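For clarity, every value in this text was computed on a predicted model and none was experimentally measured.
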Amino acid sequence: MPRATALAAAFALALATPAGAQRTLTIGAQTPPSAIDPHYHNTTNNNMVLRGQIFESLFMLNNRAEKEPALATSIRLIDDLTWEVKLRQGVRFHDGTPFEPDDVAYTFARVPTVPNSPALFTPNVRTISAIEIKDAETIIIRTREPNPLMHFDLTGPVILSRRVHGENPSTPDFNSGRLAIGTGPYRFASFAHNERLELVRNEEYWGPAEPWDRVIYRYIPQAGARTAALLAGEVDLIDYVPVQDVAMIQRDPRFTLFTIDSVTFVYLFPDSMRETSPFVADKQGRPLDRNPLADRRVREALSLAIPRQVIAERLYSGLASPADQFAAPQAEHRLENLPPLPHDPARARALLAEAGYPDGFRLTIHGPNGFFPSDQSLLQAIAQAFTRIGVETQVQTLPPATLFTRATNRDFSLFMTYFSSVLTINPMRQVVMTRNPELGYGPFNRQRYSNPAMDEPLAKALVTMDEERRRELTQQAARALLEDKGVLPIIYLKNSWAGRRDRVTYDPSPYNHTSAIYARPVN
């Protein structure tokens, strides 16, 4: 159901609760936020606890990928460079400061400037040239070029207060709680990095009240430990249900499993742009004088080595499917009717020989531990597949925050991560478009990939208001990326949560967001 309807139902339920009764939701979550600063890091683990709970954006995407009003109530295209946005009235930040039109301009000006960010929200505001206040309820957004993604972009950055957050709000001040002040249905209570986040209900919220008086996130990166906490009754809900525990949870009448096909895809990002690369060597361990990953034939060989179907069936027991491109199955404007990406080790070995590596080479691949289900096991399976074609591969896993910091510094030859989006164009502009901080292109392009055959149609698509023409350009760019093997798509994930049947129901999120706004008490 739409969030507004769900909130109204929750409000009615709250009124029926006996006086004095307190509802606490305790969540066993896998991945902690890297910061409470909502603009510091555009990543799932941050967005799911900050956006929609503590802070709010102008619009939000619900779990059916539908845009819903939040701090804005409507948006209207006046001409190709001008948008009229109506703002919600009567909204206050948690400290009582009113939400005002100039808070939008203040927020969007801050977005590209957050220091030391692993990935900014700059693409969401890159086209905005001016924000004009028409009246207390209306702002005019002017863009330097047409932006057909404006509806989507305005669901991203959450809105801060010029008066509350000041001239140079620092990420440590958000982490301490001093500036963790938003307009959302929950207020910040406390945060212990990598351990615990506590929220309390915002009794002055502009919308219907949430049913939970208190929300506690306990961060439990170990998969087995999360399941154990659920079984012991220490938590009400867990995310990233371990694949090996799914059948057991389904059989146990005390628990309910909540699953949904996600918009999340796992991929490998090769270092294809440098002449030498830090984690490749010959079979004797000596550095190579040229980077094999810069050769498209080598990248294709690595792709051919990966048994995606086997990984989905055996490692994920059906909670994943083999990826065929750099876009989710539900994504708008994805390439259609593609055959599965082939698994052909013999052809892979032939390509390596053709590229000048008949005996292969050594490679270290990096990836996260505790970022998505079975991530370490997946990395090991990929390494074994590479080794079978002659690329002797070692694995190094790191905590997500460390991984992304080092990846941003270009420390790796090949690393694994994921991206979530309901659009095909969005991951391309964020991850693989030639990096240009001024234009907001490629904030996640940690390997500095650059492919003119992809960039040119993509740049045109980003300013094309006609949808059919935008589809054609997007698909042209997607084909160029797929053919060049600039990234290697691996699997599409199915998202899962498990909860105590007597305590909580959960509306599963295709974006893999573990949030109290999707959880409802049973009674």
Side-chain angles (χ1 to χ4, degrees), residues 32-60 70-72 85 87-88 91-126 128-131 133 139 141 153-194 196-200 202 204-206 217 401 404-405 408 437-438 440 443-444 515:
S34 55
I36 304 301
D37 181 343
H39 300 151
Y40 171 73
H41 190 183
N42 185 4
T43 185
T44 298
N45 47 303
N46 287 28
N47 292 338
M48 71 183 183
V49 296
L50 303 177
R51 186 194 303 161
Q53 292 194 126
I54 301 174
F55 305 93
E56 294 177 299
S57 47
L58 294 177
F59 298 93
M60 67 174 289
L71 294 182
V85 178
L87 302 179
R88 190 176 298 280
V91 176
R92 291 185 176 273
F93 286 85
H94 296 154
D95 70 342
T97 301
F99 163 55
E100 299 173 326
D102 64 354
D103 293 331
V104 179
Y106 163 79
T107 294
F108 289 175
R110 180 190 187 238
V111 162
T113 68
V114 180
N116 305 313
S117 168
L120 291 165
F121 284 86
T122 306
N124 297 76
V125 301
R126 69 176 183 84
I128 296 174
S129 59
I131 296 179
I133 299 173
I139 60 172
I141 297 179
D153 286 345
L154 294 184
T155 66
V158 301
I159 304 301
L160 302 182
S161 166
R162 182 189 299 274
R163 287 204 266 170
V164 172
H165 297 97
E167 186 174 347
N168 291 301
S170 72
T171 297
D173 280 339
F174 284 93
N175 293 341
S176 70
R178 191 179 76 83
L179 293 183
I181 299 169
T183 60
Y186 291 100
R187 300 162 59 103
F188 175 93
S190 67
F191 176 55
H193 189 62
N194 292 332
R196 192 179 185 96
L197 172 67
E198 295 194 24
L199 311 175
V200 294
N202 175 15
E204 307 300 323
Y205 184 53
W206 58 263
Y217 284 85
F404 294 128
T405 298
T408 301
E438 291 184 4
F444 292 86
S515 171

Residues in side chain to side chain donor-acceptor pair (under 3.5 Å) contact with Thr43, at least two apart in sequence or another chain: Asn45
Who pairs with Asn194 by side chain to side chain contact (heavy atoms under 4.5 Å, CB included), at least two apart in sequence or on another chain? Pro32
Among all residues two or more places apart in sequence or in another chain, which pass the side chain to side chain contact (heavy atoms under 4.5 Å, CB included) test with Thr405? Asn409
With sequence neighbours excluded, residues passing side chain to side chain contact (heavy atoms under 4.5 Å, CB included) with Pro437: Arg435
For Glu204, which residues count as a salt bridge (Lys or Arg N to Asp or Glu O under 4.0 Å) partner, sequence neighbours excluded? none
Considering only distance and modelled atom types, tabulate donor-acceptor pairs under 3.5 Å from the side chains of residues 184-192, sequence neighbours left out.
unit_1	atom_1	unit_2	atom_2	d
Tyr186	OH	Glu210	OE1	3.2
Arg187	NH1	His94	O	2.7

Which residues pass the salt bridge (Lys or Arg N to Asp or Glu O under 4.0 Å) test with Arg178, not counting sequence neighbours? Asp173
Under the salt bridge (Lys or Arg N to Asp or Glu O under 4.0 Å) test, residues paired with Asp153 that sit two or more places apart: Arg429
Residues in salt bridge (Lys or Arg N to Asp or Glu O under 4.0 Å) contact with Arg51, at least two apart in sequence or another chain: none
Scan residues 113-126 for pairs that pass side chain to side chain donor-acceptor pair (under 3.5 Å), counting only residues two or more places apart or in two chains. Arg126-Glu145
For Phe174, enumerate each residue passing the ring pair (Phe, Tyr, Trp, His ring centres under 6.0 Å) test, keeping only those at least two apart in sequence or located in another chain. His165
Applied to residues 37-48, the salt bridge (charged side-chain N to carboxylate O under 4.0 Å, His left out) test, sequence neighbours excluded, yields Asp37-Arg110
